[in-house]
S.K.: 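Would you mind keeping the following structure in view while I ask a few things?
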Amino acid sequence: MQPDWPAHVHRELAAAGVRIVGYVPDAGHKRLIELCQADRSMRAVVLTTEEEGIGLAAGAWLGGEKTVLLMQSSGVGNLVNVLGMVQVCRFPLLMLVTMRGEQGEFNPWQVPMGQTTARVLEAMGVAVRQAGEPETVAAHVHTALRLAFEAQGAAAVLIAQRVIGIKSFQEQSAQ
Amino acid sequence: MRQRRREVVKELLRERGELLVIAGLGSTAWDITAAGDSPLSFPLWGAMGQAAMMGLGLAAAQPERRVLVITGDGEMLMGIGSLATIGVQQPANLTVVVIDNERYGETGMQRTHTAEGVDLARIAAACKFKHAVTITAELGPLRELVYRTPGPNFAAVKVADEKLPLVLPPHDGVLLKARFRRALLGPKAEPETSADVLPEER
């Protein structure tokens, strides 16, 4: 039986006082989004594009609140320029990125961004932690929370496609 | 005769009290500085397209304070989707004012989409902003919108496409962030240590 990583991650976020959850949906984030939406201490903010999440998180931090951003790997490509602000201002930033374009990918158009997600983030000064197993996701989030909100850095946890376990269009559409 | 941007912004920020201000990069950052720099102003030097979203984040974190985003038409156009995101969230304390000279003022005064008739106020209205207006003459209702009217509110103020002397705010991003948080949050501005947040190592 696999651990319920979204529930563990939600607990970490709640314990750290994360109040704002910005997201562009991904099938791999479906359950975590639902947990955050159901949590009355959190405000879930649906975004039209991932870069809006950077402005949201920066503005919320100016006002004293912590934000987490949920997105899929393709969305990382939309962030590049605005990550410059995060670096220059040392805004805390925590991103949980579900991976596409890895093992089990059914859509070849997801591959180029999926294969370069970590490198793109690192090039823009974001510390990357790779969660390859369901058991390790919450621990990586725990560390990334500290990197973001104590060390005032930018951190991303990449959640591997095999953790999410989506293999086909049929499975995804049946979720 | 169109409004002059520096006069519009000065009038908006007169006796600003507890107002929190985000300004988009370029001319609007210089405009708010010309009106008088304040620790509770956050002028952007980059992140084009994110001014309105920073306003949303700030408004969500500080629901008891009024939040004003002052930005240009080019900056607003780059983040046009954020109007839809704000419309979903309905922050009652947020107003977005676009100082609309219909030009990309920092790059050679090229015409923006609004010069060709793209109507930002109608886009904001369609995105469920409570009040969305285009102002060409009297500024009267603008202060009411920013300081009192429950939002989210939007105003596009049509201004002359004049090139003005630069009035630069501090450009150290860490300083801008820290001074804003200290002025707003006091001692709570200091980042927590793990002893406060996460009591045990796992």
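Scope of the values below: all heavy atoms of this structure, side chains included, with no hydrogens, waters or symmetry mates. Chain A is the first sequence line, chain B the second, and so forth, proteins listed ahead of strands; every chain is numbered from 1.
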S.K.: Which value, rounded to the nearest 0.5 Å, describes the distance between B/Gln89 atom CD and A/Arg43 atom CZ?
M.R.: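 CZ of A/Arg43 is found 4.5 Å from CD of B/Gln89.
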S.K.: Around A/Glu122, counting heavy atoms of other residues, nucleotides and ligands shown, do more than 12 lie under 6.0 Å from its CD?
M.R.: yes
S.K.: Which bit of A/Ala151 is near chain B, if near means a heavy-atom gap under 4.5 Å: side chain, backbone, both or neither?
M.R.: neither
S.K.: Please classify the contact between A/Gln152 and chain B as side chain, backbone, both or neither, with a heavy-atom cut-off of under 4.5 Å.
M.R.: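 Just the side chain, heavy atoms under 4.5 Å.
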S.K.: Examine distances only and state if a side-chain atom of A/Arg90 and a backbone atom of B/Lys177 form a donor-acceptor pair shorter than 3.5 Å.
M.R.: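 No.
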S.K.: Do other residues, nucleotides or ligands put more than 12 heavy atoms under 6.0 Å from A/His8 NE2?
M.R.: yes
S.K.: What pair of heavy atoms forms the shortest contact from B/Ala61 to A/Glu65, and how long is it?
M.R.: CB-CG, 3.4 Å
S.K.: For the candidates B/Gly55, B/Gly81, B/Ala189, B/Ala51, which exhibits the highest count of non-hydrogen atom pairs separated by less than 4.5 Å from chain A?
M.R.: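 With the most close heavy-atom pairs to chain A, the winner is B/Gly81.
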S.K.: Grab the two heavy atoms, one from B/Ala84 and one from A/Thr48, that are nearest each other, plus how far apart they are.
M.R.: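 Reported closest heavy-atom pair: CB-CG2, 4.2 Å.
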S.K.: Minimum heavy-atom separation for B/Met54 to A/Ala58, with atom names?
M.R.: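 Nearest heavy atoms, B/Met54 then A/Ala58: CE-CB, 3.8 Å.
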S.K.: Hey, could you give me the CG/CG distance between A/Leu62 and B/Leu176, rounded to the nearest 0.5 Å?
M.R.: 9.5 Å
S.K.: Does any heavy atom of chain A fall under 4.5 Å from the side chain of B/Leu20, the backbone, both, or neither of them?
M.R.: neither
S.K.: Heavy-atom count around B/Arg148 CZ within 6.0 Å, excluding the residue itself: above 12?
M.R.: yes
S.K.: Please rank B/Met48, B/Gln50, B/Lys188, B/Arg65 by heavy-atom pairs under 4.5 Å with chain A and give me the top one.
M.R.: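 Heavy-atom pair counts peak at B/Gln50.
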S.K.: Got a sec: does the NZ of B/Lys158 have more than 12 other heavy atoms crowding it under 6.0 Å?
M.R.: yes
S.K.: Set out, in order, the CA-CA distance, both residues' side-chain angles and the distance that settles side chain to side chain contact (heavy atoms under 4.5 Å, CB included) for B/Met53 and A/Leu47, then state yes or no.
M.R.: CA-CA 10 Å; B/Met53 283 305 298; A/Leu47 310 169; 3.9 Å; yes
S.K.: Assess whether atom CD of B/Gln110 is packed by more than 12 heavy atoms of other residues, nucleotides or ligands within 6.0 Å.
M.R.: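 Yes, CD of B/Gln110 has more than 12 neighbouring heavy atoms, counting only those of other groups under 6.0 Å.
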S.K.: Return the CZ to SG distance between B/Phe180 and A/Cys89, rounded to the nearest 0.5 Å.
M.R.: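 One finds 12.0 Å between CZ of B/Phe180 and SG of A/Cys89.
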S.K.: Would you give the length of the straight line joining atom CD1 of A/Ile20 to atom CG of B/Leu56, rounded to the nearest 0.5 angstrom?
M.R.: 7.5 Å
S.K.: Return the minimal non-hydrogen interatomic distance between A/Glu52 and B/Ser82, and the atom names on each side.
M.R.: OE2-N, 3.1 Å
